[in-house]
Structure formats: C-alpha cells, structure tokens
Amino acid sequence: YPSPPREVWTSEEGSMARETAVTRWPKLVQSMVDDVDETLGLGESGCMEGCQIDEGRDIQRALRTLKEDIIQDQALRPLQSDGRPDIDGFNTKLASFGQTITWHNCPWLFAECHLYRFTFFSLSESPFWRAYDVFARQKLNAFVASHAAVEELCERYLSVANSDAFATTNTDHEAQQLLFLEMTEVALWGNATDLSLLSSTSLDQIHALQGTKAIQAGQARIVSNDMAAAWDHLRSCPKGRVDIVLDNAGFELFTDLVYALYLLGAGFASAIRLHVKSIPWFVSDVMPRDMDVLLSALTDPALFSGANNQSVRAVAALLNAAYQDGRLAIEEHPFWTTGLDFQEMPVCAPDLLETLRQSALVIFKGDLNYRKLVRDAKWPHTTLFRQAIGVLGEAGIRILALRTNKADVCVGLDEQTLERVEKEASKKAWVRNGRYAVVSFSDGR
Ligand code: F6P
Ligand code: MG
C-alpha cells in the first residue's frame with residue numbers, strides 16, 4: 001500500500017486537533033472532576049462509605065494533574081498497569097513515536113484515546129469507582145431532552161413498518177430503496193448530536209438537528225454518498241447478520257436501534273450485533289449499561305416524558321422483544337478502546353476481524369470510528385474511501401461508514417462537491433461542524 005499521509009497532530013496551527021488540545025480537553029477533564037464532585041456531594045449525605053469518598057478525592061486529584069499537564073503542554077505519561085492487557089499496547093505505541101510527545105504536539109487520535117484510558121485507570125483502582133461512568137449523567141440528561149425527536153421518530157417508524165414497501169413480499173424495489181435511504185439517513189443524522197461537541201450547542205440547536213425536517217434538508221450536505229452501492233449490496237446478499245459498531249448513547253443509540261428494527265423487520269438481517277465500548281469513551285460512546293438505561297427510560301414516565309406516548313411504547317416493546325430473543329445483541333471487544341486505528345485490526349485483533357468478516361454488513365457509526373477507519377491521516381479530500389481504508393479495503397469486510405463530519409479528516413469527495421462546500425461553508429467548517437456528512441461503502445474485495 002502506498003504509505004498514507006501523516007495523521008493529524010495537535011501542533012498544526014488552525015487544525016481542529018489544535019483547538020481541541022488547547023481549549024476542549026481542559027474543559028472536558030474539568031467536567032469529569034465536576035461530575036465526581038456532584039457524586040461525592042450526594043455520597044457525603046450518607047449513601048457512600050468513607051473510603052469511597054477518599055478514593056473519589058484521589059481520582060479528582062489525578063484528573064486535575066492531567067488537566068494541568070494538558071494546559072502546560074507536558075509530555076504524555078506512560079500508563080501504569082491496572083491489570084488489563086491493553087496498557088502495554090498504549091505504552092508501546094507511545095514509545096514508538098521515538099520522541100517525547102506533549103499534549104500540544106502529538107497525534108490527536110492516539111492522545112485522545114490515551115486521555116480516556118488514563119481516566120479509566122484513575123477510576124479503576126477502586127472497586128466502587130471502577131464501575132462508575134463519569135459521563136452517565138450527561139448521557140441520560142441529553143437523552144431525556146431529546147424526547148420530542150424520539151416521539152417523532154417512533155411515529156414515523158411505525159407508519160413505515162405498516163407501509164406496503166416494508167413487507168418482505170413487496171417487489172417494488174424503488175419503494176423499498178426509498179425506505180432504505182430514509183432509514184439510513186435517520187441513523188446517519190442521529191450522529192449529529194454527540195456530547196463531546198455539545199458544550200457549544202444550545203438545546204434549540206440540538207432539537208433543530210434531530211427532527212424529520214433536518215433529515216430531509218440534510219441530503220445536500222452528504223458530501224460523499226455511497227448509499228446506492230450499500231443498497232445494491234444489501235438487497236442482493238443472502239440475509240444474514242448485520243453488525244453495527246456503535247458510537248454515542250442516548251438519541252444516536254435510539255436512531256441506531258430503530259435502524260436495526262428496520263433491517264430486521266424488512267427482512268435484510270436475521271440478527272443485529274451491536275458493538276459497544278467497555279470503558280467510558282469519548283464522553284458519550286455506548287457502554288453495555290447505556291443500552292439498559294435507554295430501554296428502561298423509554299418506558300419510565302417518571303424519567304422520560306416521551307414514555308407516555310403510545311408510539312414510543314410500541315417501539316419500546318419491539319426493541320425489548322428483539323433484545324430478549326437475541327435478534328439484537330451487544331458485544332464488547334477490547335480492541336475498540338485501544339489507541340490503535342482500525343487498519344491495525346488484522347495484526348492486533350485478528351479474532352475481531354474474523355467475526356466482522358462473517359457479517360453481511362458492518363456499519364461503522366460516527367466520527368471517531370471513521371477517523372479510525374482512515375487512520376486519521378491527512379488525505380486529500382478527493383482520495384477514494386477505498387484507498388484511505390488501506391488493508392481494510394480488501395480484508396473481506398463489507399463496510400458502511402455513517403459519519404457526520406466533526407474532525408479534520410474527510411475523503412471521498414469529487415472535485416465539484418469539494419469546490420461547492422468550500423464556498424458554502426467557510427474555511428474548514430464543513431469538515432468540522434457536524435452539519436455535513438459522508439456515507440461510505442466498501443465491499444471488501
Ligand atoms: O474532539 C472532538 C471529538 O471528540 C473527536 O475527537 C471525535 O472524533 C468526536 O468528537 C466524537 O464524535 P463521535 O461521537 O461522532 O465519534
Ligand atoms: Mg462518540
């Protein structure tokens with residue numbers, strides 16, 4: 001393979017990487033300290049043991065040190081062992097850069113993974129805090145705030161599920177394709193709201209990003225669109241398992257679950273496997289318990305006002321049934337929370353590669369998964385997706401990436417589209433602000 005360009009570094013003036021390192025990471029780490037504070041405040045009123053409170057204070061100290069390291073542009077520290085094997089991988093990679101890398105002069109992707117792994121390390125010394133998700137509060141609050149979009153989507157899904165085009169016996173391929181496009185867009189734009197970018201987004205803006213109108217208006221903002229190729233693949237391949245490498249909890253997870261129901265119900269998948277993260281990751285990524293939290297919130301009016309809505313109840317029942325009988329299942333793998341990009345999967349996680357090869361379609365959701373597919377490398381935007389995914393392009397995995405653009409890297413555009421978006425959205429806004437997207441497919445051959 002021709003060697004790819006270098007990955008994006010936080011030292012690059014004007015890059016989103018730099019802005020993230022200088023401005024967003026310190027705020028992010030502070031938000032974790034604040035969250036622990038809130039829990040300690042509740043704990044001090046009696047529901048926590050003294051040693052757990054002390055451990056919480058130690059965690060806050062470790063996080064404050066991390067924040068200071070970032071602000072003062074200190075070197076990334078090697079991680080200490082907490083008994084999990086992935087630590088060696090982080091430290092080997094850190095050493096492989098052959099120079100001291102500091103927070104303002106490091107590969108963005110690796111350093112941000114290192115940040116989340118360090119956070120988990122500082123929690124993991126205590127049995128109480130090891131099971132604690134510093135982002136759980138934010139995830140649940142954001143989901144509760146998205147009730148209007150959840151209700152709207154449930155109503156739409158039920159009317160789609162009762163339509164002629166949905167029936168597995170239907171031979172109107174055009175109508176079926178239209179449904180596929182609509183449902184794929186639901187899952188795509190569900191990624192527009194993730195909590196790591198929310199600090200600058202108002203609730204009104206979130207609502208504007210989530211509704212049906214936003215989805216319709218979104219088509220012109222899909223700057224590279226392989227949906228037709230994905231559709232051709234899906235309708236012609238034997239019905240089998242579909243995998244979704246999930247991104248964010250809350251509203252995005254809900255759109256993914258609706259998409260999964262559609263794929264099962266319309267006869268394009270016999271089972272759906274949802275790949276989740278095992279540790280708190282990039283703020284809002286789905287962990288196993290987020291699935292349970294979401295399913296119970298959907299039927300709990302005390303928590304989620306949408307739970308009173310008939311359509312929400314009906315969709316929740318469909319989801320619960322599929323989850324209980326195993327058509328919908330979640331799966332963890334340590335590879336998803338390493339600092340490695342996905343092109344390292346054949347060497348570093350061959351078992352996972354084999355699992356994904358057996359899938360009819362592997363859907364990668366979101367910005368981070370996309371960056372890991374293309375190595376976060378500074379490809380010219382007109383590079384073919386197939387070229388950017390390197391070894392994965394012929395590893396026998398059928399890949400569909402659904403990603404709203406929230407970072408410096410993006411491939412698959414033709415010259416005309418590139419010219420248009422650069423005029424439409426000033427500077428690099430179209431790669432960064434989450435309002436544009438790509439849908440990229442590779443048949444793996
Ligand atoms: O720093 C911004 C960021 O955290 C990126 O690192 C990451 O790619 C993105 O936000 C998370 O987005 P998503 O949840 O879509 O992967
Ligand atoms: Mg995410």
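In this text the structure is predicted, and so the values were computed from the model without any measurement. As the structure lists them, so they are numbered: ligands from 1, and atoms in each ligand from 1.
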Quiz item: Does a salt bridge link Asp34 with Arg137, judged by any charged N lying under 4.0 Å from a carboxylate O?
Solution: no

Practice problem: Would you check if Trp103 and Leu66 make a side-chain contact, meaning some heavy-atom pair closer than 4.5 Å? | Solution: yes

Practice problem: Could you check which N/O/S atom of Asp285 is closest to the Mg ion (ligand 2)? | Solution: OD1

Quiz item: Taking only residues two or more places apart in sequence, or in another chain, which ones meet Phe118 in a ring-ring contact (aromatic ring centres under 6.0 Å, His included)?
Solution: none

Practice problem: May I ask you to check if ligand 1 and Asn369 share an N or O to N or O distance below 3.5 Å? | Solution: no

Quiz item: Does Tyr370 reach ligand 1, in the sense of a heavy atom lying below 4.0 Å from it?
Solution: no

Quiz item: Out of Glu424, Arg403, Arg221, which one pairs with Tyr436 under the side chain to side chain donor-acceptor pair (under 3.5 Å) rule?
Solution: Glu424

Quiz item: Does any N, O or S atom of Glu252, backbone or side chain, fall under 2.8 Å from the Mg ion (ligand 2)?
Solution: no

Could you tabulate the donor-acceptor pairs under 3.5 Å formed by side-chain atoms of residues 438-445, not counting sequence neighbours?
unit_1 : atom_1 : unit_2 : atom_2 : d
Ser442 : OG     : Gly444 : N      : 3.2
Asp443 : OD1    : Arg445 : N      : 3.0

Quiz item: Any idea which part of Asp247 is under 4.0 Å from ligand 1, heavy-atom wise: side chain, backbone, both or neither?
Solution: side chain

Practice problem: Would you mind running through ligand 1 and noting each atom that sits below 4.0 Å from a heavy atom of Asn191? | Solution: 15 (O)

Quiz prompt | Ring geometry between Trp281 and Tyr116 (parallel below 30°, tilted from 30 to 60°, perpendicular above 60°) | solution = tilted

Practice problem: Please find out if the Mg ion (ligand 2) and some N, O or S atom of Ser284 are separated by less than 2.8 Å. | Solution: no

Practice problem: Taking only heavy atoms of Arg24 into account, list the atoms of ligand 1 that are under 4.0 Å away from them. | Solution: 1 (O), 2 (C), 3 (C)

Quiz prompt | Lys365 with Asp256: basic N within carboxylate O range, under 4.0 Å | solution = yes

Exercise. Report the member of Lys365, Arg371, Lys406 with the shortest heavy-atom distance to atom 5 (C) of ligand 1.
Key: Arg371

Quiz item: Do Asp341 and Lys372 meet the salt-bridge criterion of a basic N to acidic O distance under 4.0 Å?
Solution: no

Practice problem: Just let me know how Arg403 lines up against ligand 1, side chain, backbone, both or neither, with a heavy-atom cut-off below 4.0 Å. | Solution: neither

Quiz item: Considering only heavy atoms, does Asn248 approach ligand 1 within less than 4.0 Å through its side chain, its backbone, both, or neither?
Solution: side chain

Quiz item: Can an N or O of Ala407 be found at a distance shorter than 3.5 Å from an N or O of ligand 1?
Solution: no

Practice problem: State the atom name: nearest N, O or S atom of Asp247 to the Mg ion (ligand 2). | Solution: OD1

